[in-house]
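Structure first, then comments.
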Amino acid sequence: QVQLVESGGGFVQAGGSLRLSCVASGRTFGSSAMGWFRQTPGKEREFVAAINWSADHRGYADSVKGRFTISRDNAKNTVYLQMNSLKPEDTAVYYCAARKSYNGDYRTTPTEYAYWGQGTQVTVSS
């Protein structure tokens, strides 16, 4: 059974930092693109950042460029999201996702991802 488990969310003041982690189990994700998405109540799930299997292609939403960094450790089946200079508008539930295909590039649309974690809440106060 494939599982993605996020951790690292929490409450932080504006300008602070958090690092999210997502550990995958049930299959090896070292050859799959992975991404982070976020969602607030009443809104669509939106793309935040993604990384291809070899970590040489990374993409970011305009709203987080220069503040967030995605990385991965394939030996640990883990992807990270380092979030700096956090703003109140970054408040959301953050989800980790993995594509089903091997050796593919990342995508920015949620429907392109087959596996999802349960989400971790990030709250940024002003």
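Smallest separation of non-hydrogen atoms from Tyr102 and Ser32: CD2-OG, 4.3 Å. Looking at every heavy atom in both residues, Glu6 comes nearest to Gly119 through OE1-N, 2.9 Å. Closest approach of Leu4 and Ala24 over heavy atoms only: CD2-CB, 3.4 Å.
Identified under the salt bridge (charged side-chain N to carboxylate O under 4.0 Å, His left out) test for residues 39-48, with sequence neighbours left out: Arg38-Glu46. Applying the disulfide bond (SG atoms under 2.5 Å apart) test to every pair with at least one member in residues 24-74, sequence neighbours left out, gives no pairs at all. Identified under the salt bridge (charged side-chain N to carboxylate O under 4.0 Å, His left out) test for residues 115-126, with sequence neighbours left out: none. Pairs passing the disulfide bond (SG atoms under 2.5 Å apart) check and including a residue from residues 10-118, sequence neighbours excluded, read Cys22-Cys96. Residue pairs satisfying the disulfide bond (SG atoms under 2.5 Å apart) criterion with at least one member in residues 25-80, sequence neighbours excluded, are absent.
The side-chain contact (heavy atoms from CB on, under 4.5 Å) check on Ser54 picks up Asn52, Asp56, with sequence neighbours excluded. Shown here are the salt bridge (Lys or Arg N to Asp or Glu O under 4.0 Å) partners of Arg99, two or more places apart in sequence or in another chain: Glu112. For Glu89, the side-chain contact (heavy atoms from CB on, under 4.5 Å) test picks out Lys87, with sequence neighbours left out. Applying the salt bridge (Lys or Arg N to Asp or Glu O under 4.0 Å) rule to Asp62 yields the partners Lys65; only residues at least two apart in sequence or on another chain are considered. For Val2, the side-chain contact (heavy atoms from CB on, under 4.5 Å) test picks out Arg27, Phe29, Tyr115, with sequence neighbours left out. The side-chain contact (heavy atoms from CB on, under 4.5 Å) test applied to Asn74 returns Arg72, not counting sequence neighbours.
Counting heavy atoms from C-beta outward, Val122 and Thr91 have side chains that stay 4.5 Å or more apart. Side-chain contact between Tyr106 and Met34: absent, with no pair of heavy atoms (C-beta onward) separated by less than 4.5 Å.
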Mind listing the side-chain donor-acceptor pairs of residues 8-21 below 3.5 Å, one per line with the distance, residues two or more places apart or on another chain?
residue : atom : partner : partner atom : Å
Ser17   : OG   : Asn84   : OD1          : 2.9

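Of the possible polar contacts, one joining the Tyr60 side chain to the Ile70 backbone as a donor-acceptor pair under 3.5 Å is found.
Taking the six-membered ring where the residue is Trp, Phe68 and Tyr94 present tilted rings, their angle falling between 30° and 60°.
Ring to ring, Tyr113 and Phe37 are close: their centroids are under 6.0 angstrom apart.
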